[in-house]
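One-based numbering, in listed order, for ligands and for the atoms of each. Predicted model, so just to flag it, every value in this text is computed and none were measured. For the single chain, residues carry numbers from 1 onward in sequence order.
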Amino acid sequence: MRVIDSHTGGEPTRLILTGGPDLGTGPLAERAAQLATSHADFCAAVLAEPRGHDAMVGALLLPPEDPACVAAVIYFNPAGPLGMCGHATIGLLVSLYHLGRIGLGQHKIETPVGVILAELTSPNRGVVQNVASYRHSKDVHIDVPGQGRVTGDVAWGGNWFFLTADCPAPLLPAQVGRLTGAALAIRAALDRAGVTGAQGARIDHVEFCGAAMSPQADGRNFVLCPGGAYDRSPCGTGSSAKLACLAADDLLAPDTPWVQESVIGSCYTMRYHLDGAGQVIPTIAGEAYVTAEACLVFAAQDPYRSGIPV
Ligand code: PYC
């Protein structure tokens, strides 16, 4: 299996170039569902230890159905497919450029949540126009064992997020253990209380939002991803959900930059415009770097060929 690894603001992406499962043809969302139901071992084998680690996000490269698109892609983490992924889309652009498959400029990419427009503005910088993002519910109160009452918003940015300013610790790398534990407890409490996104969708990301620490940033976050790892980058879809909440509260006007800082201090420059239907369309701008070109080997006799089950 040929792969190319990159990181975007510290968050790793593994792009699968060859050797992925055959998902047939048809809508990408259905093929992503098939990846979850029929090839769950593939996600863990490629991303989990001993070949990867739980922060890694996979991007399965597929031929696009629409000839106007340069690629089709299904994003996944060790726990299964993701709807959309901002950091991995920037990683995808930079990796395809590194391979000589695309040039600088605008490109269309098919994802399970629709066709997205992205631009590679330099060899290591991409700008991704995300899907329409919106706040689903405001000031949701949730009782969390060990934390008491936590209040936050439920918002969509290509994945479902619970965003809260009730941070259990400063948003610093040294606090990642505490932040992760608290975010997992919030997610479990949301599940127990039956708090969901639209159409009963599970909220699988939790985002703590705090004040920026660097003078050039506007806000800082910590984002828990579905598999239990935290996002080293400011999370493209999570930052989009944040923008949707800022827009809904009239705290950020269209086309105004918002620099979102991650828990490790890496930044995305975000902004949004309103489409014809008045929907918030965020763009995510950030840097990615290729870290490896590799061939993954799956020996038949390897007891951990499908990853280490956790
Ligand atoms: O950048 O959208 C993102 C993302 C989602 C999960 C990890 N990164």
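Salt-bridge check for Arg14 with Asp5: passed, with a basic side-chain N closer than 4.0 Å to an acidic carboxylate O. The pair Asp249-Arg135 meets the salt-bridge criterion, with a side-chain N (NZ, NE, NH1 or NH2) lying under 4.0 Å from an Asp/Glu carboxylate O. By the 4.0 Å N-to-carboxylate-O rule, Arg202 lies close enough to Asp191 to be salt-bridged with it.
Every residue meeting the ring-ring contact (aromatic ring centres under 6.0 Å, His included) condition with Phe42, not counting sequence neighbours, appears here in chain and number order: Phe76.
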Show your reasoning for whether salt bridge (charged side-chain N to carboxylate O under 4.0 Å, His left out) applies to Asp204 and Arg187. CA-CA 7 Å; Asp204 53 6; Arg187 193 168 65 187; over 6 Å; no
Atom pairs, nitrogen or oxygen, ligand 1 to protein, under 3.5 angstrom:
from, atom 1, to, atom 2, distance (Å)
ligand 1, 1 (O), Gly86, N, 3.3
ligand 1, 1 (O), His87, N, 2.9
ligand 1, 1 (O), Gly236, N, 2.8
ligand 1, 2 (O), Gly86, N, 2.8
ligand 1, 2 (O), Gly236, N, 3.4
ligand 1, 2 (O), Thr237, N, 2.9
ligand 1, 2 (O), Thr237, OG1, 2.8
ligand 1, 8 (N), His87, ND1, 3.0
ligand 1, 8 (N), Asp231, OD2, 2.8

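In this structure, OG in Ser95 is found 11.5 Å from CD1 in Ile90, a value given to the nearest 0.5 Å.
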